[in-house]
Amino acid sequence: MALTVLPPAAHLLFTGRIRGRATRVVFYLAVVIAGVALGLKASWAIGGAVVIFGVYGLARGFIPPRMNRWAPLAANIVALLAVIVLLTRDWEPLGAQRGLGGNLIFVVVLIGILMTAVMLFQHFYPNILRWCLRHKALFLSVPVAILVIGAVIWLGFDRVFSWIPRIEQTVGIGRDIARSTTFWVHGSEAFPGLGREFMPPLEEGSFLFMPTTMAHASIGEALDILHKQNQAMEGIPEVESVVGKIGRAESALDPAPVGMIETVVNYKSEYISDASGHRLNFAYDKSAGAFLRDAAGGLIPDPDGRPFRQWRAGIRGPDDIWKEILAATQIPGTTAAPKLQPIAARLVMLQSGTRSAMAVRIKGPDLEVIEKADLAVERILRHTGGVEPSTVVADRIVGKPYLEIVPDRSALARYGVAIQQFQDVVEAAVGGMEVTTTVEGRRRFPVRVRYQRELRDSIEAIGGILVAGAEGAQVPLSQLAEIRYVRGPDMIKSEDTALVGYVLFDKQAGRAEVDVVESARAAIAAAEASGDFHRPAGVEIGFVGTYENQLHASATLQVLVPLSLLSIFVVLYFQFRVVSTTMMVFVGVFVAWAGAFLLIWLYGQPWFLDFTFLGVNMRELFHVHPINLSVAVWVGFLALFGVADDDGVIMGTYLDQSFRRIQPGTVADIRDATVVGGRRRVRAALMTTVTTILALLPVFTSTGRGSDIMVPMAIPSLGGMTIQILTMLIVPVLYCAARERKLKKGSAR
């Protein structure tokens, strides 16, 4: 499209002429009709702009020449206003509650600030470039400093400058002298390095609430807890529906014990919307400050009204709803529930067999040893930095009460009762015996018989069950067997032919998964080294969860990122055919890379965008929160690498062509030619940068499905393209320096 369709279309639009008065009238009448159709079917803003264009074409012959000179400017202004209004209606950055006026003011101010900065840079660009050409070393120190800062933000202050202590040790100075300085301490605190995680959590519109009861809790007690928690969650205004589940089907695909509760909690959307997800408006009385309602108390639909917010004033996001759920469902005897969502939780369960994004997997020779190690690791993790203590839960493997009926063979022989007869009585009376099968259509149901509950609900009742002896005597079961309660496993898990147990835990808010897992691993190793934790013989400790996905993703990205950079370099070389010019343009990729890390760092600072505009906090509007390195962020970097060298290509190509044509003979001529070339291409380069930035801004304020992934993905592109304006100076300065050096070498010869 860009290479074949747009050039001839632009030629027709800007240079084409319609010959013949009748043809021109018919053409512009068709334009007016098309504009009216667009206004009715699509958008009145676009349709209105097309109608104005058609009307101007019809009336152009009757407009005085003096006014015709202002027509292009007026058309541009009308088109700009139409685009801004259309953008505001579709974007609504401040939210629907601010109305068209408030959102329009915000969009105009935002675009005005951006365009003013760009136009000022374009106006003063020749003067700035001349100063940079006169002070090349001083100017080039700026991008070098940006590259160093980007590396420090990414890897951390300690890792980037770890060579300083090694040099000190080599020359005989103490290794910790530099690390003890105030500069080093503050630098390490300010730049600890970015956290790592697999993917940002994606909001699904529901939660999976999964607490557990104690292993010895009966099914009646577990059901009572389930009902109480469901009632508490249904009392939260933002909760739409609650569906709880306990137990499992007769299938090995869902090995859930009775003590594990699974409740799907669907919460209401922030605004009432239709089936397609579009917000609905309802009649609103501005004087009373309330929504109008019909006789039945329902809202009255009104396209010109306001959207109805279903969340309370203190609820700003799903995290606040989750906090309300945790506060309402606290019951003694149940554990805390990690924050889970149905789809994500099922994926984690299928992958690792746990119900948490992070867990310690303990393999051992028997269940008692595994449980002992579980409890010891649980105590360690509760005091580990980055781990939320309330979410640390170890499997209570051995603790379920089992009723055992142990036959006394001597007593059985004394009364003449066969062991098979004894087992049949126990099965029929307590467990239930299948006697037949009923067929109902295509379905079959087994029919079981056993004693009524009151005859088997206690040890005394079971002991009173009568067993027929050899001579017809009815012998109580208590005289033929020992009936006792024993502790046994709640559920037996195995993996890789070994018995396993898990210690579930979750991270604190603002911490990255990989960093928390590494802290937990280090804490366990330190406790074992200090003797606080004695690992039983045959026990293996490892970590499972989404942490493993991040390891696999890192291994893949370690290949993809260098390969993409190499591909970009090869493509640039095919364009310039000179390694030196290719390297000059390629520098823009690294500068944009550093700029992306600068914006990621700013997103983690509490003061960044901490102000309000028209009553809206900018941190909440642009979803400002600490960003961890994830697959989404690295995909954003890959997208940035593809567009970061555009300005450099524009500058480098024109400078290469101009110098090949002009062949300047002095240093002054080289600098003048560089300024002329930069001035000719700065507008096109700025257009590339500005259009990219404007296209990304709506992503940062989006709140729909997928915004949790799109915002981290867009941050590298916005930060990189913003700082990439320096490329418009770096490439000319490096190109000029190379030409001056070549000229001096030729003069020396």
Side-chain angles (χ1 to χ4, degrees), residues 1-94 96 98-112 114-115 118-119 274 276-281 301-307 683-684 687-688 690-695 697-698:
M1 290 287 292
L3 296 177
T4 58
V5 177
L6 292 183
H11 177 76
L12 290 175
L13 179 63
F14 294 110
T15 63
R17 294 290 183 269
I18 301 176
R19 302 184 181 277
R21 180 182 179 87
T23 304
R24 186 167 58 252
V25 171
V26 171
F27 174 77
Y28 285 115
L29 281 175
V31 170
V32 172
I33 295 173
V36 173
L38 281 174
L40 295 175
K41 298 294 184 180
S43 170
W44 63 266
I46 297 178
V50 175
V51 169
I52 292 175
F53 175 75
V55 171
Y56 170 73
L58 291 173
R60 186 168 56 182
F62 304 97
I63 300 176
R66 181 180 301 177
M67 296 182 63
N68 263 330
R69 290 197 299 267
W70 295 96
L73 177 61
N76 289 336
I77 293 175
V78 170
L80 179 62
L81 291 176
V83 169
I84 290 178
V85 172
L86 180 64
L87 175 64
T88 302
R89 288 180 61 87
D90 289 343
W91 182 10
E92 289 187 341
L94 299 183
R98 292 295 183 277
L100 179 62
N103 285 283
L104 184 62
I105 293 174
F106 178 81
V107 172
V108 170
V109 170
L110 185 62
I111 296 179
L114 179 61
M115 296 305 299
V118 169
M119 294 177 68
D274 57 16
S276 301
H278 300 292
R279 284 198 298 260
L280 300 176
N281 292 338
D302 182 6
D304 298 325
R306 290 188 179 183
R683 188 170 186 176
M687 185 184 302
T688 303
V690 171
T691 51
T692 304
I693 293 175
L694 287 176
L697 284 177

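This is a predicted model, so every value here is computed, not measured.
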Partner of Phe106 under side-chain contact (heavy atoms from CB on, under 4.5 Å), picked from Val109, Leu104, Val108, Leu110, is Leu110
How many angstroms lie between atom CG of Leu87 and atom CD of Glu92, to the nearest 0.5 angstrom? 11.0 Å
Atom pair CE (Met687) and OG1 (Thr692), whose distance is rounded to the nearest 0.5 Å: 11.5 Å
What distance separates Asn103 CG from Asp90 CG, expressed to the nearest 0.5 Å? 11.5 Å
Can you tell if the side chain of Val107 reaches within under 4.5 Å of the side chain of Pro93, non-hydrogen atoms only? yes
Taking every heavy atom of Ile111 against every heavy atom of Ile84, the minimum-distance pair comes out as CD1-CG1, 4.5 Å
In sequence, state the C-alpha distance, the side-chain angles, and the governing distance for Asp302 and Asn281, and then conclude on side-chain contact (heavy atoms from CB on, under 4.5 Å). CA-CA 5 Å; Asp302 182 6; Asn281 292 338; 5.6 Å; no
Point-to-point distance, once rounded to the nearest 0.5 Å, from CG of Leu697 to CG of Leu114: 7.0 Å
